[in-house]
Peer 1: 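The following block contains the structure, expressed as structure tokens.
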Amino acid sequence: MLKGIAASQGYGIGKAVIINDISTDYSNVKYTDAQSEKARLQKAVDDFIEETRSLASSLKESAGEKEAEILEGHIVMLSDPFMLSQMEESIDAGSVAEKAVDTVCNMFIDMFSSVDDELTNQRASDVKDIRDTLLKSLLGIKSIDISAVDAGSVLVAKDFTPSMTGKINKNNVAAIITEVGGVTSHSAILARAMGIPAVLSVVNATQSIKDGMEIIADGFKGKVITNPSDNEKSKYTSLQEEYLKEKESLKAYIGKETVTGNGIKKQVYANIGKPEDVQNVLQSSGEGIGLFRTEFLFMDRASEPNEEEQFEAYSTVARAMNNKEVIIRTLDIGGDKDIPYLHIEKEENPFLGHRAIRYCLDNPALFKKQIRAILRAAVFGNIKIMLPLVTCLEEVRDAKKLIAECEKELEAENKKYNTVPLGVMIETPSAVLISDLLAQEVEFFSIGTNDLTGYTMAVDRGNAKVSKLYDTFQPSVLKAIEITIRNAKKAGIQVGMCGEAAADSRLIPRLIEWGLDEFSVTPGSILQTRKTICEYKA
């Protein structure tokens with residue numbers, strides 16, 4: 001048996017199809033002249049855009065419009081004048097087109113990979129996909145036709161890029177197994193959208209599993225069983241049938257109020273990274289947005305978004321949510337996120353450094369643009385502001401002063417705005433310890449269990465040697481969560497949770513008992529979370 005990360009629920013039973021990497025070595029390609037190399041590059045880009053549009057169209061039918069936007073995002077990335085101009089500059093300096101593509105894409109890959117955030121890391125995977133597709137086009141290499149695999153195939157690869165996944169015929173694929181990737185990777189997102197079980201980060205999967213081997217992939221426990229016995233096949237066939245019935249039953253929770261078995265009203269909100277994500281929230285009848293990660297508006301570009309661009313993004317989400325709560329987290333960025341135009345200094349330990357609210361307060365011009373945009377967008381909906389990585393009262397009070405300044409400025413400029421409630425993320429032990437004091441300063445808390453777990457346990461979850469300590473069920477982490485909720489309830493303010501633990505069915509009963517008001521989860525977890533809450537009865 002092999003072990004990996006359970007990334008898309010379900011049980012897949014079938015025969016392995018190994019998809020090996022194709023070499024994109026270009027060491028023998030000779031430089032001709034800049035004009036010819038640029039022409040080769042442009043043709044590869046044009047072919048890429050044409051093929052990607054076709055794949056996106058297919059993906060709309062197999063997975064949905066939102067998922068197709070992942071591939072459409074690749075076109076947007078490659079159409080960025082900054083990226084293309086960098087490639088052309090590399091060619092002017094004497095590089096072949098392949099080298100130019102490789103160098104520039106690797107620069108972006110390194111930038112996105114350096115961030116301890118799975119969603120940002122996924123941008124690195126997107127650029128890898130663009131790089132590899134362009135290199136294959138330049139070298140005349142034909143990719144494997146995944147669409148032609150037989151029914152009941154279990155696809156096994158080092159990684160599944162969005163362009164590869166876009167070619168999948170979901171009716172023929174029983175499961176996906178990869179050597180890399182996590183629950184927020186695009187391969188996982190697309191697998192979930194197509195209803196295909198997936199187990200990712202299975203070490204040496206392409207070597208351990210042989211072509212044609214019988215496979216069972218457990219998308220709940222992250223297990224891969226090779227050459228299963230008759231008893232194992234019978235057991236998992238029954239589990240598969242039960243799961244499909246359960247999945248169908250979740251549809252009953254679309255549009256249903258989130259109320260516990262003993263009549264306590266709760267809210268199931270969603271976490272989003274960009275305005276387009278709101279459509280998935282609405283499809284699953286999310287009751288609000290518990291976390292809008294605004295840093296994604298600042299990435300993949302050569303300059304910071306101005307006030308109008310931010311206003312458009314925030315107001316779009318506010319309108320779409322039709323007066324349901326939208327909690328916008330202010331810019332959570334710092335030394336761990338290399339965004340060249342922000343000129344952020346490299347730090348030895350960026351996670352304990354100049355980031356998030358600390359960075360914003362030290363860059364008031366940047367921060368005020370965001371605050372002004374949020375205040376103006378609040379005219380169109382029920383918006384709240386949330387400050388990340390708060391560790392002391394002074395940070396909250398200084399942010400309040402800037403908000404007051406922005407209100408005065410907008411008033412003087414005769415621009416419409418609304419005053420909005422202010423809250424903080426509780427994601428540091430310091431914030432937990434002064435949560436009784438913070439509750440007197442703000443109108444709501446949101447517990448960020450991902451960072452709270454890491455900071456409380458002093459553990460880097462990306463370090464395999466200590467990752468077992470990264471566990472929300474550690475007594476110290478549970479105690480921190482309980483203290484925070486109790487102090488919020490004493491002060492009479494709303495308290496929610498926007499970390500991954502909010503969707504954990506094992507933890508939800510405790511959170512209800514402690515008094516958590518709002519559970520903010522990924523859009524795909526809304527219905528299951530609502531079901532778990534509705535079935536709870538003290």
Side-chain angles (χ1 to χ4, degrees), residues 3 5 112-121 124 182-184 201 222 271 291 293 295 329-338 344-362 386-396 423-439 445-488 495-504 506-507 510-511 514 516 520:
K3 196 80 177 72
I5 293 172
F112 294 132
S113 297
S114 67
V115 181
D116 184 29
D117 179 275
E118 285 190 80
L119 290 172
T120 309
N121 293 160
V183 292
T184 60
S201 288
N271 305 329
L291 171 62
R293 297 182 178 93
E295 55 270 24
R329 182 175 71 185
T330 58
L331 187 59
D332 186 0
I333 212 154
D336 60 321
K337 298 175 184 177
D338 185 12
I344 299 169
E345 291 181 17
K346 289 287 185 184
E347 296 177 291
E348 191 171 327
N349 193 337
F351 302 105
L352 300 179
H354 196 222
R355 55 171 297 208
I357 189 62
R358 302 166 182 178
Y359 177 85
C360 288
L361 289 173
D362 286 342
M386 180 163 66
L387 307 176
L389 204 77
V390 166
T391 57
C392 60
L393 294 173
E394 288 73 21
E395 290 164 339
V396 178
V424 294
M425 281 192 77
I426 304 293
E427 52 186 334
T428 65
S430 174
V432 172
L433 292 170
I434 60 166
S435 55
D436 57 337
L437 303 176
L438 287 170
F445 287 163
S446 185
I447 303 169
T449 52
N450 298 354
D451 274 348
L452 181 59
T453 302
Y455 285 126
T456 301
M457 296 303 298
V459 65
D460 175 5
R461 60 175 166 166
N463 184 335
K465 291 181 180 178
V466 295
S467 60
K468 65 181 179 182
L469 295 172
Y470 183 84
D471 183 1
T472 307
F473 282 87
Q474 288 282 350
S476 56
V477 181
L478 291 175
K479 179 59 69 177
I481 293 169
E482 183 181 8
I483 289 169
T484 301
I485 297 173
R486 299 288 190 213
N487 282 334
V495 56
M497 180 179 286
C498 57
E500 290 175 15
D504 192 323
R506 300 167 301 162
L507 185 59
R510 290 198 200 194
L511 297 175
W514 292 336
L516 192 77
S520 193

Peer 1: Can you see which heavy atom on M425 is nearest to which on G448, and at what distance?
Peer 2: CE-CA, 3.7 Å
Peer 1: Nearest 0.5 Å, please: how far is CE in M386 from CZ in R329?
Peer 2: 6.5 Å
Peer 1: Nearest heavy-atom pair of S476 and T456: which atoms, and what distance?
Peer 2: OG-CG2, 3.7 Å
Peer 1: Below 4.5 Å, heavy atoms only, C-beta onward: do R358 and T391 meet side chain to side chain?
Peer 2: yes
Peer 1: Does the side chain of T472 come within less than 4.5 Å of D504's, by heavy atoms?
Peer 2: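 The answer is no; the side chains never approach within 4.5 Å.
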Peer 1: Ion pair present between R293 and D332, side-chain N to carboxylate O less than 4.0 angstrom?
Peer 2: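 Here R293 does not pair with D332 in a salt bridge, since their nearest N and O are not under 4.0 Å apart.
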Peer 1: Which pair of non-hydrogen atoms, one from F445 and one from S435, has the smallest distance, and what is that distance?
Peer 2: CZ-O, 3.2 Å
Peer 1: Could you report the tightest heavy-atom contact between E295 and L331, atom names first, then the distance?
Peer 2: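 That closest heavy-atom pairing would be CA-CD1, 3.7 Å.
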Peer 1: Any side-chain heavy-atom pair from N450 and E500 closer than 4.5 angstrom?
Peer 2: yes
Peer 1: Going by atom type alone, with no hydrogens or angles, which donor-acceptor pairs under 3.5 Å involve a side-chain atom of residues 477-484 and a protein atom two or more places apart or on another chain?
Peer 2:
unit_1: E482; atom_1: OE2; unit_2: R486; atom_2: NH2; d: 3.3
unit_1: T484; atom_1: OG1; unit_2: A480; atom_2: O; d: 2.9

Peer 1: May I ask you to test the Y455-L352 pair for a side-chain heavy-atom distance under 4.5 Å?
Peer 2: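 The answer is yes; the side chains approach within 4.5 Å.
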Peer 1: Supply the atom-to-atom distance N271 CG to C498 SG, rounded to the nearest 0.5 angstrom.
Peer 2: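 The CG atom of N271 sits 6.0 Å away from the SG atom of C498.
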Peer 1: For the residue pair S520 and M497, establish whether any side-chain heavy-atom pair is separated by less than 4.5 Å.
Peer 2: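 No, side chains not in contact.
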Peer 1: Applying side chain to side chain contact (heavy atoms under 4.5 Å, CB included), run through I333 and R355 and close with a yes or a no.
Peer 2: CA-CA 5 Å; I333 212 154; R355 55 171 297 208; over 6 Å; no
Peer 1: For the CG atom of L516 and the CG atom of L507, what is their distance to the nearest 0.5 Å?
Peer 2: 9.0 Å
Peer 1: Quick one: do T428 and D451 satisfy side chain to side chain contact (heavy atoms under 4.5 Å, CB included)? Show the steps, please.
Peer 2: CA-CA 7 Å; T428 65; D451 274 348; over 6 Å; no
Peer 1: With heavy-atom distances below 4.5 Å as the criterion, would you say the side chains of S446 and L291 are in contact?
Peer 2: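 In short, these two side chains do not touch, never coming nearer than 4.5 Å.
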Peer 1: I want to check something: taking the side chain as every heavy atom from C-beta on, are L361 and E395 in contact at a cut-off of under 4.5 Å?
Peer 2: yes
Peer 1: Are side-chain heavy atoms of E427 and L389 found at a separation under 4.5 Å?
Peer 2: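 Yes, their side chains come closer than 4.5 Å.
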Peer 1: Using the side-chain contact (heavy atoms from CB on, under 4.5 Å) definition, which of the options T449, V390, N487, V432 pairs with I426?
Peer 2: V432
Peer 1: Could you report the tightest heavy-atom contact between L452 and P429, atom names first, then the distance?
Peer 2: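 Taking L452 first and P429 second, the nearest heavy atoms are CD1-N, 4.2 Å.
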